[in-house]
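Every chain is numbered from 1 and lettered A, B, ... according to where its sequence line falls, protein lines coming before strand lines. Keep in mind that what you see is a predicted model, and the values were worked out from it rather than measured. Note that these values count all heavy atoms, side chains included, but never hydrogens, waters or copies made by symmetry.
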Amino acid sequence: MSEALVVDGLSAGYGRVEVVREVSLRVAPGEVVALLGSNGAGKSTLLKAICGLVAPWAGTVSIGHEDVTGRPPEHLVRRGVALVPEGRMLFGALTVSDNLALGAYAHRDPTQVRERVLSLFPVLASRLGQRASTLSGGEQQMLAIGRALMSRPQVMLLDEPSLGLAPRVVADIFDVLDELRADGIAVLLVEQDANLALKHADRGYVMRGGRIVMEGSARDLRSNDDVRLAYLGSWHRKERSDADLES
Amino acid sequence: MTSADVLQFVASGLQNGAIYALVALGFTLVFASTGIINFAQGEFYMLGGMLVAAGVAAGVPLGVSVAGAVVITSAVGCLIERAVLRPVRSAGPLALIIITIGCSMLLKSWIRHLFGPDERAVPPFSGSEPVALAGALIQPQVLWVLGITVVAAAGLTVLYRWTRLGLAMRACSISHDAARIVGIDTARVVMLSFGLSGALGALAGAVVAPITQTAYDVGARMGLKGFAAAVLGGLGDPVGAIVGGLVLGLLESGAVAVVSGTYKDAVALVVLLLVLVLRPQGIIGRHLGEKL
Ligand SMILES: Nc1ncnc2c1ncn2[C@@H]1O[C@H](COP(=O)(O)OP(=O)(O)OP(=O)(O)O)[C@@H](O)[C@H]1O
Ligand SMILES: [Mg+2]
């Protein structure tokens with residue numbers, strides 16, 4: 001099967017500290033792949049290195065068959081990569097409508113996608129003139145995903161969409177993931193709630209100390225003892241991070 | 001004091017204030033997109049006046065000289081960002097701010113070298129016959145100053161509200177990372193902000209030169225006043241910059257009328273200190289992303 005995203009031997013970090021170490025993974029079109037790992041494992045940094053927000057030190061990132069390693073994010077959006085970042089990074093002072101318009105910044109004619117996004121998240125349609133910062137947490141997360149969809153991505157990098165949200169809202173958001181799969185988008189999903197992630201994912205990778213230490217189908221990972229012990233048992237919920245309170 | 005006197009003071013306050021507003025807008029645009037204060041902003045004002053004076057002296061028609069001064073200064077603004085600041089961007093805001101001070105000194109000595117140290121005159125845009133307005137006599141050039149400020153403010157509003165570039169500028173003023181992941185070339189937006197602030201500064205310098213004369217060293221004083229006006233309105237807020245400029249102009253006029261002309265220039269410093277100490281977010285206290 002042709003892959004939408006192929007990461008090969010990717011390393012990245014901050015200053016002199018290597019945070020992502022020789023990570024290789026792949027995501028096919030229409031596939032939802034979970035990336036699991038505890039706090040500080042380097043999951044967010046990996047997503048940033050894929051989309052160009054953090055410069056990779058070694059390895060390659062390919063979209064389709066094109067090597068896009070080290071391209072800046074403003075370039076990668078145009079190649080079909082969208083990031084829904086940790087902490088959402090919405091334009092809080094701008095309206096919902098402006099946030100969506102900015103999501104489609106790389107395109108000339110956003111009307112069609114916009115309708116699709118508003119049909120996926122009907123609640124946004126009634127909030128168009130409202131500032132993003134005044135939305136509820138769940139609505140903000142929907143807007144973050146909606147903004148990313150506005151760029152018509154082939155690859156979507158989702159960083160902890162469930163963080164700090166009520167279970168019912170989380171369920172809504174994950175239902176949308178299933179629709180994205182039907183649209184043929186390749187989704188790489190970082191999630192603390194491994195149970196939830198593996199329920200919606202086709203496959204998964206487990207990251208520890210910057211490396212991929214395990215991979216397999218969602219079903220295998222769910223029944224794997226190590227994964228259960230580390231991520232599916234009495235897993236502590238992460239506190240809301242500072243990044244969440246921004247924007 | 002008669003009501004005509006009062007009107008005269010208000011008119012001169014508004015005239016100065018409009019100029020401060022344009023310079024303050026320059027500070028605010030760059031601050032909003034980069035978080036740095038461009039201390040070469042005053043020199044853009046100086047360049048505007050001096051280039052028009054040089055153009056007119058060389059026989060270039062006045063209108064063409066003004067347009068040329070604005071375009072050239074705008075290019076200087078872009079160049080400062082692209083060639084001087086961008087390569088050392090990782091050095092952090094303080095280093096960049098100090099570099100803008102260096103650029104300012106460079107521009108000033110370069111213009112002195114090119115055009116000499118003397119004051120230069122620029123002819124008024126449309127004659128010097130004062131117009132009577134409600135009992136006060138107003139020079140037509142003052143109307144040019146006010147008119148051009150209004151047009152520039154309206155133009156900026158349109159840019160911000162209704163254009164793609166304006167939306168990108170507002171996005172950059174909120175978060176560069178967020179702007180980049182939606183596909184905005186933030187480096188380009190930053191460069192255009194410098195270009196735009198150069199154009200605004202030059203426009204101010206050009207339109208006021210027929211009233212005040214101009215010279216290679218007028219930038220520093222105007223830089224201080226424009227900065228005070230920008231801070232007064234809340235750095236990063238274009239509407240605040242305009243309000244701050246007009247308020248500062250009127251305060252100066254008031255000080256001249258009530259105390260004496262000696263203290264006119266001190267007003268900006270006092271305002272700057274008071275605002276920084278008492279209300280650092282400015283009198284309006286918003287930020288570029290929030291309004292419009
Ligand atoms: N901007 C940064 N500068 C320096 N170090 C950073 C930066 N961002 C993250 N780190 C460090 O890199 C390591 C991995 O961080 P990262 O955010 O990628 O982990 P994560 O797996 O996403 O964790 P979490 O589940 O808490 O979100 C951590 O030790 C963190 O302190
Ligand atoms: Mg993370």
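Open room surrounds CZ on R82(B); 12 or fewer heavy atoms of other groups in view lie less than 6.0 Å from it. No more than 12 heavy atoms of other residues, nucleotides or ligands lie within 6.0 Å of CZ in R188(B), so this atom counts as exposed by the packing criterion. The environment of CD in Q112(A) is sparse: at most 12 heavy-atom neighbours from other residues, nucleotides or ligands sit within 6.0 Å. R181(A) CZ: more than 12 foreign heavy atoms inside a 6.0 Å radius.
Listed by chain and number, the residues in a ring-ring contact (aromatic ring centres under 6.0 Å, His included) with F39(B) are F227(B) (sequence neighbours excluded).
Atom CD1 of residue I184(B) and atom CG of residue L102(A) lie 5.0 Å apart, to the nearest 0.5 angstrom. Here the CG-CG distance, from D177(B) to L53(A), works out to 5.0 Å after rounding to the nearest 0.5 Å. Rounding to the nearest 0.5 Å places CE of M89(A) at 13.0 Å from CD1 of I174(B).
Of all heavy-atom pairs spanning R78(A) and G183(B), the tightest one is NH1-O, 2.9 Å. The heavy-atom pair separating Y105(A) from V182(B) by the smallest distance is CB-O, 3.6 Å.
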Just do the side-chain contact (heavy atoms from CB on, under 4.5 Å) check on L83(A) and R180(B) with the steps written out, would you? CA-CA 10 Å; L83(A) 172 69; R180(B) 295 182 72 197; over 6 Å; no
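Residue contact with chain B, scored on non-hydrogen atoms closer than 4.5 Å, involves the backbone of H107(A) exclusively.
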